[in-house]
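One structure below.
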Number of protein chains: 2
Amino acid sequence: MGARVTMRDVAQAVGMSPMTVSRALRDDRTVNAKTRAKVRQVADDLGYVYDSTAQAFRTQKSGFVAVTLPSVNNANFAETFRALTNGLGESGLQLLLGSTNYRVEREEELVRQLLTRNPEALVLTGGHHTDETRKLVQGRDLPVIEMWDLPTDPLGHVVGFSNSDAMDHIVEHLAQTGRRKLAFVGASEGADMRGAVRRAGAVEAARARGLPAVAMIDAGPAPVSMRHGAAVIETMGREVAQYDALVCVSDPVAFGCLSAVQRMGLSVPDDLAITGFGHFEVAKVSNPRITTVDVQAEDIGRQVVSLLHGIFNEEIDAPVRIDVGSALVVGETS
Amino acid sequence: MGARVTMRDVAQAVGMSPMTVSRALRDDRTVNAKTRAKVRQVADDLGYVYDSTAQAFRTQKSGFVAVTLPSVNNANFAETFRALTNGLGESGLQLLLGSTNYRVEREEELVRQLLTRNPEALVLTGGHHTDETRKLVQGRDLPVIEMWDLPTDPLGHVVGFSNSDAMDHIVEHLAQTGRRKLAFVGASEGADMRGAVRRAGAVEAARARGLPAVAMIDAGPAPVSMRHGAAVIETMGREVAQYDALVCVSDPVAFGCLSAVQRMGLSVPDDLAITGFGHFEVAKVSNPRITTVDVQAEDIGRQVVSLLHGIFNEEIDAPVRIDVGSALVVGETS
DNA sequence: CCGCCAATTGTTATCGATAACATGATACCG
DNA sequence: CGGTATCATGTTATCGATAACAATTGGCGG
């Protein structure tokens, strides 16, 4: 139990040099097949565990891909993360995950920390970063991918969709079905950038179609979820009936609103339309089903994976920009 | 942009030895305050980034805590994970996350991979593991914590609750409110161990109270969620009305069932009671609110953190077993 | 039987930070 | 003013795996 078992120990046990052991364990075909088998056997017997730290140090390849997410407690981000884990795991890469809690300052701190681990690539969620983050990232010869957004001034590669376009789909749909007085339900100004872009998208889309100005319903600081949607509507009470449609920043918020609206005896979509964002499971299962936008979280993850493969195989040099798009999913709440 | 900046480079630039730089950057007070400031300054100017890999290698302390979760796409596990990240982040520890997809074989593979990174502790979700996993873990001088369960034969420390006790609370409540014909809705036999234990708990609790045998409704392979709950009930159709209560393996499944049951015109709880598990947000917001069991996901995370702190400060030697308990939350579906 | 090639194994140096020990400079005491 | 404590910095060796190069063996053609 005392000292750890190293390659040197295994080498001594089989009566060969550490180098041969190193090669054998990596299945190097220049090592005799019998020797390889024997080394494997002895390593197992001794309970040898490979030291990735030492390897990472020596080869200067960490085997890590660093990823930042606003929150892991979000089915969509979790889905993207899953796709990344599975895809990169097959290439022997491990994910180093950090949560920004929807704050760019926290992101900066995280990136600083993640970079000390020598990741082979950095995957950031969103296109808004502090200047310091930009500096940190750009000084290094490190592939960077921003996802879930289409920034105008990208750090490197991009795999995402336009949040404002997606919002435009929603408003277009509402306008076509005769809704005019819209209210946007989202987080307070400030923290959540994607949320802010969606809000702006809704405002602009309404303006472009000659609808009245979009009212703002503040569900509190990001991240906002089901309970915040429900709470803000409960607080408003019947006043909410003055609107034709509640345009929510996400499906969970929409579900909270829906539930609260139903509890006060209003009918959706007869008295009021409600729309969400993200095509979460709850939108498909709720009663009525929520009209939303599918942003293909899993596809984003898969695209990032194949992009990274391209980068590691040196098939890609110039920055790539992939728009995975978004699609309106009409439910029963509009 | 070519070669990376190391401590040696910083040292050369300030005209001191690398050792002094090392000390200065770690805020060692034996280094003159002015020198420290200067070193900091120069390091910044050169764009120096600390190499944690080298540190981990030299000191044999990785700064990692390895964690396995069945899935990150589950609000409860995500919540525990968040608590771990925040709590351990304050001590400068980073989490290495792996998802087992609810399979012990995948867990084994993951543990093997995670161990090569020399984590300072290993946190596993659940108390069921392959023999190989047990061997891997026990051979080493590594703190192990199993969480979300109370295994009878623990690998080390434990922070969890009894899934069968929790299920007993539910069945007790249903029995008291006059429900007799129960059906358990969960994943197929096999993969998800916590689910299996809950099922067994429900069966046993019903038996102990002289209720008829619990029917089994198979919602498909783990992980099961909202849509699986809804789908299986839709497939059953009105047959579901033969039961007094649907005891679901989790809140999302319960919500799916609830939604499907409502769609076919049945009333909950009048025609049928529905219960969930885990006190997910959806249970609080749905309409009606779902009767469930609160398992305090965040508290589990916090307890694990303080346990780890105790271990690292060598205040703890013998294996610790913490039962965070679980509490019935009566909603409107029963 | 010599020489050369292929197959297999070994030797040495190294990645960057830091623990342990050593050294030089300065202050302070009786 | 000698001697010792204190402060500030330097030297050396090291963590484990592996790239680059070196060496040994056996086989086979001529």
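We use all heavy atoms of the structure for the numbers below, so side chains are in, but hydrogens, waters and symmetry mates are not.
- Here A/Thr20 reaches the OP1 or OP2 of C/dG10: one of its side-chain N or O atoms lies under 4.0 Å away.
- For A/Phe57, taking side-chain heavy atoms from C-beta onward, the closest of the listed nucleotides D/dG16, D/dT18, C/dT9 is D/dG16.
- Comparing atom distances between the A/Asp51 side chain and each of C/dA17, C/dA20, D/dA17 picks out D/dA17 as nearest.
- Out of D/dA17, D/dA8, D/dT11, the shortest distance to the side chain of B/Ser17 is found at D/dT11.
- Closest contact between the side chain of B/Arg58 and the listed nucleotides D/dA19, D/dG16, D/dA13 involves D/dA13.
- A close approach under 4.0 Å does occur between a side-chain nitrogen or oxygen of A/Ser22 and OP1 or OP2 of D/dT18.
- Taking atom CG of B/Asp27 as the reference point, atom P of C/dA17 lies 17 Å away to the nearest angstrom.
- Taking atom CZ on B/Arg29 and atom C1' on D/dT6, their separation rounds to 14 Å, with Å as the unit.
- With hydrogens and angles disregarded, a donor-acceptor distance shorter than 3.5 Å links the side chain of B/Arg26 to the backbone of B/Ser22.
- Under the 4.0 Å criterion applied to side-chain N and carboxylate O atoms, B/Glu109 and B/Arg112 are not assigned as salt-bridge partners.
- Closest to the side chain of B/Tyr50, from the set C/dT18, D/dT18, D/dA8, is C/dT18.
- Regarding contacts with the backbone of D/dA19, a side-chain N or O of A/Arg26 is found under 4.0 angstrom from either OP1 or OP2.
- In this structure, the nucleotide among D/dT18, C/dG10, C/dT8 sitting nearest to the side chain of A/Arg23 is C/dG10.
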Practice item. Please test A/Gln60 against B/Arg4 for side-chain hydrogen bond (donor to acceptor under 3.5 Å, both in side chains), starting from the C-alpha separation and ending with a verdict. Key: CA-CA 11 Å; A/Gln60 299 292 23; B/Arg4 75 194 273 110; 5.0 Å; no
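- B/Thr6 comes within 4.0 angstrom of sugar-phosphate atoms only, judged by non-hydrogen atoms across all strands, and of no base.
- One interatomic measurement links the two molecules: NZ of A/Lys61 to P of C/dG16, which rounds to 16 Å at whole-angstrom precision.
- Listed nucleotides C/dT9, D/dT9, D/dT18 differ in distance to B/Val31; the shortest reach to its side chain belongs to D/dT9.
- Side-chain nitrogen and oxygen atoms of B/Gln55 include at least one within less than 4.0 Å of the OP1 or OP2 phosphate oxygen of C/dT18.
- Residue A/Thr35 places at least one side-chain N or O under 4.0 Å from the OP1 or OP2 atom of C/dT9.
- The phosphate of D/dG16 has OP1 or OP2 within less than 4.0 Å of a side-chain N or O from B/Gln60.
- In terms of phosphate contacts, B/Tyr48 brings no side-chain nitrogen or oxygen within less than 4.0 Å of OP1 or OP2 of C/dG16.
- No donor-acceptor distance shorter than 3.5 angstrom exists from the side chain of B/Thr80 to the backbone of B/Gly301, with no hydrogens or angles considered.
- At whole-Å resolution of the value, CE in A/Met16 and P in C/dG10 are 5 Å apart.
- With respect to B/Arg302 and B/Asp299, a salt bridge is recorded, a charged nitrogen being found less than 4.0 Å from a carboxylate O.
- One finds no side-chain N or O of A/Thr59 lying less than 4.0 angstrom from the OP1 or OP2 phosphate oxygen of D/dT18.
- Residue B/Met19 is classed as a base contact, given a heavy-atom separation below 4.0 Å to a base.
- When the side-chain nitrogen and oxygen atoms of B/Arg4 are compared with OP1 and OP2 of C/dG16, one or more of them lie within a distance under 4.0 Å.
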